[in-house]
Structure formats: C-alpha cells, structure tokens
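Below is one structure, written out as structure tokens; the observations come after it.
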Amino acid sequence: MPELPEIETFRRILREGTPENPSLLGKRVQEARLLWERTLAEPDPDGFQTRLVGQTIRSFGRRAKYLLIELDDDTLILHLRMSGDLRVERDSAPIAPHDRFLLVFEDGFRLAFNDTRKFGRIWLLSEPSTLLRKLGPEPLDESLTPETFYAMLSSRQRQLKPLLMDQGFIAGLGNIYTDEALYRSHLHPQSLACALDLAQSKALLENIRAVLEAGIAANGASIDWVYRGGGFQNEFQVYHRKGEPCYQCGTPIERIVVGQRGTHICPSCQKLNT
DNA sequence: ACGAGCGCCTGTCGGC
DNA sequence: TGCCGACAGGCGCTCG
C-alpha cells in the first residue's frame, strides 16, 4: 500500500502522537504477539518475542518505504507492502480482523500491525544495513543532485516508470507518486531513461520531490479502505482519473499497463519519444 | 541489462 | 442473485 509519504506520515504519528493517541517514544515493550507467523521475515519466531521484551523505543526513522523503530539493542523494521496498516490503541481494545503483530507496552498501549493481504513483513535486526543497503538514494536527500540523477538516468536503457519504481535505483516511489511525477514532467512512462537530457532530468527530479512533499504535507493519500487520514488523493492529476479530463488540456486520462502495473497518463501531454 | 511472467494473499468491483 | 475475471499503493524470483 503505502509509499514514501504514507510511511513518513506513520513515522510522524508514532513519534509525535495524535489527539487520540500518545507518542510511542520512550515506551518499553512488555510483550510482543506474532499473530501470523509468515509476517516475520527475520529472525526465527522462537527468540523474537522475548528479545523484544524490555527494550525501549528510542526513535523512529524511515528509509524508503521501511519504517525503522530504533530500540535499545535492535531495530524493528516494518514494511507495509500493499495492504499494511498501523494503529496505536489500548491493549484492552479488541483484536481486529487481519491483525498480524501486536507490540504491547508497559503503560497499556500497543502498536498493531494490520495487513489484509499478508504481504507485509517485519524484521528485528541488530544491524539494519544488511537489509537496507540494496536501496538506491532517498529522493528527498539534497545530496542527490540533478547532475547525479542525470548521470544515473543516462546509463540506463530502461523505461522510465519501472526504473523509478525500482527501489535499487531510487528508493520510496510507488505506483501513485511515479505516475504523478511523470505527468507533471510531461514524460511518457515508457520513454527510455537514457533519452532524457539534463534539463528533463532536473525537472523530473524536481517533480518527484514536489509530489512527495505534497504527499507528506497532506499526510499521504487515502484510497478505498486501505489508508486513513490522508488527503493527497484530492490532489491526484492522473492517478485513478481514467476517463476524466486532463487539467492541462482536457484530453481524457488513459490507463495503460507498463511493467505490469496500471499506469495513468495524459496521452496528449505525455508523448512517447524515445 | 532488461522485460515478462508468476507467486504471494485477500477483498472489491463490474460485467454477464 | 451468483459467478468469474480483473484489479489493487509491493517485491522477489525465474526465465529468456
């Protein structure tokens, strides 16, 4: 489900709390309950639950679409994949359908990991880099310059959309924000990366950052039942707008398939010229 | 290096 | 109404 802005929103909610729920910072783990074994990627389930007990949450981080919960000795890493969701609630609350993992704290609150489709994964690692080092640069990291991005694109003979969604190339973009960034850049998702010049590469990077920052500012995007509380769906210009008029030229938005993913374009504003 | 196909899962929606 | 395929914000694998 969520992409970079949605994970960033969860990070903020868990760190700062909301009017309904407290911050989880500084809370100490009393108990960990794994309700669906395959949700745990690493380590083996045996030592996992006892290893968590007694550790205190020191900070929350994010790398790409991974949420990092820094504990005393380990990092608890969550990936929500397609349908994952997080709730903070009292441990007296009923367990919801599709809850896969509960992290219970000494003060009676808990973090619930809910995941209808069971694609989500959690890791408990003493050394997170083993998992995270395969990722490409963070798009919002200022050390990624337009010149670097241009060089990265120039060396790839690959369609833009699958490349931007490749987490090893650049980390954090998914289907929504990729479609939105390409539309704003007037680039066709099937254009080859190496065909972009410096100006186009620079504009693409700026638009990637703009849509991600707009998504973060809106607390993410809520679609269907999958994610609650975000507002970025109201700013979609192509995603989920098949048949509706392009805001720039009025041409109906089309849905095509690129890299086996549903892809939304304005066929007039985004010409294919490889 | 790159793209296609498929598996992993459950649920919803549209068409017949 | 019931059934059946398409589709869903992700990612890892194999195979040409």
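Basis for what follows: all heavy atoms, side chains included, without hydrogens, waters or symmetry-related copies. Residue numbers start from 1 in every chain, and the chains themselves are labelled A, B, ... in the order their sequence lines are given, proteins ahead of strands. Everything numeric in this text was worked out from a predicted model, so none of it was measured.
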Heavy atoms under 4.0 Å, any strand shown: does [X] hit a base, just sugar-phosphate, or nothing?
X: K161(A); result: nothing
X: R100(A); result: nothing
X: R156(A); result: sugar-phosphate
X: S222(A); result: base

Please report the distance, rounded to the nearest Å, between [atom1] in [X] and [atom2] in [N].
X: N175(A); N: dC11(C); atom1: CG; atom2: C1'; answer: 13 Å
X: L78(A); N: dG10(C); atom1: CG; atom2: C1'; answer: 15 Å
X: L163(A); N: dG3(B); atom1: CG; atom2: C1'; answer: 13 Å
X: M165(A); N: dA8(C); atom1: CE; atom2: P; answer: 11 Å
X: L164(A); N: dC11(C); atom1: CG; atom2: P; answer: 14 Å
X: R38(A); N: dC8(B); atom1: CZ; atom2: P; answer: 8 Å
X: I256(A); N: dG3(B); atom1: CD1; atom2: P; answer: 14 Å
X: I223(A); N: dT12(B); atom1: CD1; atom2: P; answer: 16 Å

[options]: which one has an atom nearest the side-chain heavy atoms of [X]?
X: A221(A); options: dC9(B), dC2(B), dG9(C); value: dG9(C)
X: K65(A); options: dC11(C), dG9(C), dT10(B); value: dC11(C)
X: Y239(A); options: dG9(C), dT10(B), dC2(B); value: dG9(C)
X: R117(A); options: dC2(B), dG10(C), dA8(C); value: dA8(C)
X: H98(A); options: dC7(C), dG11(B), dG10(C); value: dG11(B)
X: T116(A); options: dG9(C), dT10(B), dC9(B); value: dT10(B)
X: K118(A); options: dG9(C), dT10(B), dC8(B); value: dT10(B)

Using side-chain contact (heavy atoms from CB on, under 4.5 Å), reason through L182(A) and I265(A) one step at a time and then give a plain yes or no.
CA-CA 8 Å; L182(A) 287 170; I265(A) 60 166; over 6 Å; no
Check your understanding: Has the side chain of Q167(A) got a donor or acceptor atom sitting under 3.5 Å from an opposite partner on the base of dG10(C)?
Key -> no
Sticking with atom [atom1], work out how far [N] lies from [M], rounded to a whole angstrom.
N: dG11(B); M: dC11(C); atom1: P; answer: 22 Å
N: dC7(C); M: dC6(B); atom1: P; answer: 14 Å
N: dC4(C); M: dC9(B); atom1: P; answer: 23 Å

N/O-N/O pairs, protein side and nucleotides 4-7 of chain B side, under 3.5 Å:
{"from": "dG5(B)", "atom 1": "N7", "to": "Q260(A)", "atom 2": "OE1", "distance (Å)": "3.0"}
{"from": "dG5(B)", "atom 1": "N7", "to": "Q260(A)", "atom 2": "NE2", "distance (Å)": "3.0"}

Practice problem: Please determine, by modelled atom types, if E70(A) and T75(A) share a side-chain donor-acceptor pair under 3.5 angstrom. | Solution: yes
Test side-chain contact (heavy atoms from CB on, under 4.5 Å) on Y183(A) and C266(A); report intermediate values, then the result.
CA-CA 7 Å; Y183(A) 168 78; C266(A) 169; 3.8 Å; yes
Aromatic ring of F119(A) stacked on base six-ring of dC11(C), 5.5 Å, 30°:
no
Review point. Could K27(A) and E106(A) be called an ion pair, given the rule that one side-chain N must be under 4.0 Å from one carboxylate O?
Key: no
>> Check this for me: does any side-chain nitrogen of one of D179(A) and K161(A) sit under 4.0 Å from a carboxylate oxygen of the other?
In response: yes
Between T9(A) and the options R12(A), E6(A), R11(A), the side chain to side chain contact (heavy atoms under 4.5 Å, CB included) test singles out R12(A)
Given the options V88(A), I122(A), V29(A), L103(A) meets side chain to side chain contact (heavy atoms under 4.5 Å, CB included) only with V29(A)
For dG10(C), the nucleotide meeting Watson-Crick or G-U wobble distances (both under 3.5 Å) is dC8(B)
Taking only side-chain N and O atoms of [X], does any of them lie within less than 4.0 angstrom of OP1 or OP2 on [N]?
X: R121(A); N: dG12(C); value: no
X: K134(A); N: dC11(C); value: no
X: H79(A); N: dG10(C); value: no

Result for 5'-nearest mapping on DNA chain B, choosing between W36(A) and Q157(A), is Q157(A)
When you compare the side chain of L131(A) with that of L125(A), does any pair of heavy atoms fall below 4.5 Å? yes
**Request:** Could you walk me through whether E180(A) and Q237(A) pass the side-chain contact (heavy atoms from CB on, under 4.5 Å) test, one step at a time?
**Result:** CA-CA 7 Å; E180(A) 294 294 323; Q237(A) 298 191 24; 3.6 Å; yes
